[in-house]
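Only a predicted model underlies this, so the values are computations on that prediction, with no experimental measurement involved.
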Amino acid sequence: MHFINSNPLKAWVFSLLTLASSASLAQPVERIISLAPSLTELVFSAGAGDKLVGVVSFSDYPPEALNRAHVGSYNALNLERIIELNPDLILAWASGNKPQDIARLQNMGFRVLVRDTQQLDDIPNLIEEIGRLTDQTDTARTEAERLRQQLHFLRAQYQDKSLVKVFYQVWNQPLITVNGEQFIGQAMALCGGVNVFADQTALAPHVSREAVINANPDLILLGGTGEVQQAWLRSWQALSFLTAQQNGQIIALNADQYQRPTARLIEGLADLCQLIDQARNQARPTRQIQTD
């Protein structure tokens, strides 16, 4: 939304920013705006949900997030609404929010914490950081340690498992997947899954249907939701020569859980590993996967 450049608003903005700049950064944060659905979830995981005053579209978990004021979408912010909410901290998504939006908020005097959670271990780390900023250190540390223990347990459990070729579909037109560095790619690898597009440069590369067919994965995991997922499922099932189809290993996932780097992703890893285990058990014992 266009920023209204009127004199009364200028005076209002100046007064708000003066108050924000004069506040001690050592004081616990009391009013947070989150600029990504995943960051919204992490604020609640840190025990600071009651300090969250504004969120962007699709911030639908936990259910309490639906009651927070909306400040636009992650790539189209409502600056007037942000000013009205007067946050003392804005959480921004480095690879999702527009750099010019982040710079503008900083230039307006807002305290903006820019973070990305591309590594699985970044999730508990960021929960702890939010906890420190909001005076929820104990709650956040307890949650972070719980998540770290889950990661440690699953890594130990699956590190020696035989490998399974996996394709993860994020979208259909264009056909989008993830590479090995993206957090979903890391999640699959933790379970002994070999992402067939792990070597792509982009975190979310566009690939061709023919490339998926040539890779012939043992398991196809579908993002998306509802009718879209069912259409994708029928499309892959029509290819009877695919190993994943022959073994009944084309699975629709809860995309919100696996496509957001949050505590829910780590909590869902055990189920993801079980799905990969099922495909592992269906694979022919003599089959070998080249990983180099």
Checklist entry - Taking it one step at a time, do L275 and L253 satisfy side-chain contact (heavy atoms from CB on, under 4.5 Å)? => result CA-CA 10 Å; L275 291 176; L253 297 176; 3.5 Å; yes
Checklist entry - After noting the C-alpha distance and the side-chain angles of Y74 and L35, does the key distance pass the side-chain contact (heavy atoms from CB on, under 4.5 Å) rule? => result CA-CA 6 Å; Y74 75 93; L35 302 186; 5.8 Å; no
Checklist entry - Where do E129 and R132 land on the salt bridge (charged side-chain N to carboxylate O under 4.0 Å, His left out) test, with the steps shown first? => result CA-CA 5 Å; E129 184 176 12; R132 288 192 297 270; 5.2 Å; no
Checklist entry - How far apart are the C-alpha atoms of D277 and R280, what are their side-chain angles, what is the distance that settles it, and do they pass the salt bridge (charged side-chain N to carboxylate O under 4.0 Å, His left out) test? => result CA-CA 5 Å; D277 243 350; R280 181 178 290 113; 2.4 Å; yes
Next on the checklist: Applying side-chain contact (heavy atoms from CB on, under 4.5 Å) to I220 and W232, what does each step give before you reach the verdict?
Outcome noted: CA-CA 10 Å; I220 296 176; W232 299 355; over 6 Å; no
Item to check | Working for side-chain contact (heavy atoms from CB on, under 4.5 Å), residues I250 and L222 | outcome: CA-CA 8 Å; I250 306 175; L222 305 177; 4.1 Å; yes
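At a threshold of 4.5 Å between side-chain heavy atoms, the hydrophobic network of Ile, Leu, Val, Met, Phe, Trp and Tyr places I32 and Y61 in two separate groups. No chain of hydrophobic side-chain contacts below 4.5 Å, direct or via other Ile, Leu, Val, Met, Phe, Trp or Tyr residues, connects L203 to F167. The cluster map of Ile, Leu, Val, Met, Phe, Trp and Tyr, joined by side-chain heavy atoms under 4.5 Å apart, puts L66 and L39 in different clusters. F58 and I90 are members of different hydrophobic clusters when ILVMFWY side chains are connected at heavy-atom separations under 4.5 Å.
Expressed to the nearest 0.5 Å, how far CG of L269 lies from CD of Q257 amounts to 8.5 Å. Atom CD of Q245 sits about 5.0 Å away from atom CD of Q237, to the nearest 0.5 Å. Atom CG of D101 and atom CG of L79 lie 6.5 Å apart (nearest 0.5 Å). If you take CG on D88 and NZ on K51, they are separated by 8.5 Å, rounding to the nearest 0.5 Å. With rounding to the nearest 0.5 Å, the separation of CG in L113 from CD1 in I102 is 10.5 Å. Rounding to the nearest 0.5 Å places NE2 of H206 at 11.0 Å from OG1 of T177.
Shown here are the side chain to side chain donor-acceptor pair (under 3.5 Å) partners of E145, two or more places apart in sequence or in another chain: R148. Partners of Q278 by side chain to side chain donor-acceptor pair (under 3.5 Å), not counting sequence neighbours: none found. Residues passing the side chain to side chain donor-acceptor pair (under 3.5 Å) test with D60, sequence neighbours excluded: R260. Not a single side chain to side chain donor-acceptor pair (under 3.5 Å) links T117 to another residue, sequence neighbours left out.
Residue pairs satisfying the disulfide bond (SG atoms under 2.5 Å apart) criterion with at least one member in residues 55-104, sequence neighbours excluded, are absent.
The shortest non-hydrogen separation linking G54 to L85 is CA-CD1, 4.0 Å. What you find for E143 and A263 is that their closest heavy atoms are OE2-CB, 3.8 Å. What you find for G131 and A46 is that their closest heavy atoms are N-CB, 3.9 Å. The minimum heavy-atom distance linking R111 with V29 is given by the pair NH1-CG2, 3.7 Å. Annotation for T40 and S59: closest pair OG1-OG, 3.1 Å, computed over non-hydrogen atoms. Of all heavy-atom pairs between P37 and S57, the closest is CG-O, 3.6 Å.
Taking 4.5 Å as the limit, some side-chain heavy atom of S34 sits within range of a side-chain heavy atom of L52. Counting heavy atoms from C-beta outward, L242 and N216 have side chains that approach closer than 4.5 Å. A 4.5 Å side-chain heavy-atom check between Q169 and Q229 finds every atom pair outside the cut-off. Between V228 and N172 there is no side-chain heavy-atom pair separated by less than 4.5 Å. Contact annotation: the side chain of R264 approaches that of D256 to within less than 4.5 Å [non-hydrogen atoms, C-beta and beyond]. A heavy-atom distance below 4.5 Å is found between the side chains of V55 and H70. Using a 4.5 Å heavy-atom threshold, the side chains of V43 and R68 count as separate. Residues I83 and F110 meet the side-chain proximity criterion, which asks for heavy atoms closer than 4.5 Å.
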Atom pairs and distances, side-chain donor-acceptor, residues 179-201, under 3.5 Å, sequence neighbours left out:
| from | atom 1 | to | atom 2 | distance (Å) |
| --- | --- | --- | --- | --- |
| N179 | OD1 | E181 | N | 3.0 |
| N179 | OD1 | Q182 | N | 2.9 |
| N179 | ND2 | Q200 | O | 3.0 |
| N179 | ND2 | T201 | O | 3.3 |
| N179 | ND2 | A202 | O | 2.9 |
| Q182 | OE1 | I184 | N | 2.6 |
| Q186 | OE1 | L120 | N | 3.2 |
| Q186 | NE2 | Q118 | O | 2.6 |
| Q186 | NE2 | E181 | O | 2.6 |
| N195 | OD1 | F197 | N | 3.0 |
| N195 | ND2 | V178 | O | 2.9 |
| N195 | ND2 | N179 | O | 3.4 |

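Enclosure of atom CD in E227 is not indicated, since only 12 or fewer non-hydrogen atoms of other residues, nucleotides or ligands lie within 6.0 angstrom.
Just one residue in the list V71, N86, L91 forms a side-chain contact (heavy atoms from CB on, under 4.5 Å) with I33, and that residue is V71.
With T142 contributing its side chain and D138 its backbone, the two residues share a donor-acceptor pair below 3.5 Å.
Side-chain atoms of D218 and T243 form no donor-acceptor pair, as typed in the model, at a separation below 3.5 Å.
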